[in-house]
Amino acid sequence: MAETDPRRRIPRTDRLLALPEVARASASMGERVVRELVRAVQDRARSGQISPEQVEQELLAGIGGAGAHSLRPVLNATGVIVHTNLGRAPLSAAARAALQDASGYTDVEFDLPSGQRSRRGAAARTALLEACPAAEDALIVNNGAAALLLATTALAGTGEVVLSRGEMIEIGAGFRLPDLVASTGTRIREIGTTNRTHADDYRAAIGPDTGAVLRIHASNYRISGFTSAVPVAELADVCHRADLPLVVDLGSGLLEPDPVLPEEPALGTALRDGADLVIASGDKLLGGPQAGILLGRAEVVARLARHPMSRAMRADKLALAALEATLRGPEPPVPAALHADPEALRTRTTALADQVGGQVVAHEGRVGGGGGAEVPLPGWALALPEHLAEPLRRGDPAVVGTVRDGACLLDLRCIPAAQDVDLARAVRAAQGAGAAQEDA
Ligand SMILES: *Cc1c(COP(=O)(O)O)cnc(C)c1O
């Protein structure tokens, strides 16, 4: 390094750690966290994003906004509502308040009036049954995958579940549902073909080893053309004649049909059509916390609850509290974003353009998270220069848009209107950061 190399002016770690604010932060949130922050700011100076003289100020700003955890709040400007990389469903204000209340000691498994132990999560269960009257009982576990595993293990054990080849899906990077089911020793009896499966295929496959028939909603892709699947009502009839339960994994968690997503099957519908057990995630279209939701016939739910594996999958008190509040409280952000009025989105996007520049362009949102595959949600985006995408992601709050055709597109569908001011401020900060770098 030459004597004139500006990197030589980057303050040393020990000097930064000795600053009074930094030392105080070390004491309150732990030295490891603070050392990470120090290293990150030094790295930004090394790579020329900030000058060595800015290191101290940036570190103090970072410490001011940091806590003992590293997850950062994000403004989701992608237009994808249930974005798995961004934590799926944002919680409603009611659910956030419930998390806060449940975070200390709480009566999750205790009846205060009698002083006796009570059924864990009874209130969340009641809220679910009220929201889905077609179900006799409900069980809440850690996530959708756990719910599926518990259902197949408890009902089929090391026997067989019958599953159509058209429903053997992969739902996330390398995560295959058939592999999950098979992981506890349950055998999958594959039937039909990729595009067509008939009621007779089910009848022929059912035998003494069959513990359940499984229907999995192919959430994130569609088969079209010469296709055929057995409707739930007909499949339930086939199962019940053989005295077998029909388990329907719907993934998305729409409780009742929604006109915006005409193809998306609902839990209530499947139960009324005769399914014995339906499975959904809490943090997809339901718009709640991560949870696996099982609804169905009392006797089937009881079999699952009795299985030893259910203890390893039980929902935590925070999820139970947030789920109840999601179901009982005002409309959560996910359905609000799904039903956002395109004209209102255009008005907000135009107002943002008036403040920060850029061009208002038509932009389609998506449900995401394996719901409403391919259904476009008409809306608008603000098109800004592509180079703003990175400073926006690094900003506070971080803003994640979509980079396409040389532009950074910001879609307001998933941003509450009350946060438009934060978004405008973040865009101006990103524009300022870019200008500062050009000056340097
Ligand atoms: C998303 C999904 C799952 C997994 O649910 P998680 O809550 O992510 O564990 C299972 N089945 C289907 C059909 C899904 O779409």
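One-based numbering, in listed order, for ligands and for the atoms of each.
Between the side chain of Thr152 and the backbone N or O of Leu148, at least one donor-acceptor pair lies under 3.5 Å. Looking at Asp201, its side chain does come within 3.5 Å of a backbone N or O of His198 through a donor-acceptor pair. With hydrogens and angles disregarded, a donor-acceptor distance shorter than 3.5 Å links the side chain of Arg413 to the backbone of Ala337.
Using a cut-off of 4.0 Å between Lys/Arg side-chain N and Asp/Glu carboxylate O, Arg165 and Glu190 are scored as salt-bridged.
Taking distance alone, with nitrogen or oxygen atoms compared against 3.5 Å, Gly144 approaches ligand 1 more closely than that limit. Checked by distance only, ligand 1 and Arg88 come closer than 3.5 Å through their nitrogen or oxygen atoms. The distance criterion of under 3.5 Å between nitrogen or oxygen atoms is not met by Asp283 with respect to ligand 1. Where the criterion is an N or O separation shorter than 3.5 Å, residue side chain and backbone included, Ala145 meets it with respect to ligand 1.
Contact annotation for Lys284 and ligand 1: only side-chain heavy atoms (C-beta onward) come within less than 4.0 Å of the ligand. Residue-level proximity to ligand 1 for Leu177 is carried by the side chain, the only part with a heavy atom below 4.0 angstrom.
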- Item | side-chain hydrogen bond (donor to acceptor under 3.5 Å, both in side chains) assessment of Ser281 paired with Asp283 | CA-CA 6 Å; Ser281 299; Asp283 54 354; 4.5 Å; no
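Looking only at atom types and distance, the side chain of Ser252 has a donor-acceptor partner in the side chain of Glu264 under 3.5 Å away.
Heavy-atom distances between Glu167 and ligand 1 stay at or above 4.0 Å for every pair.
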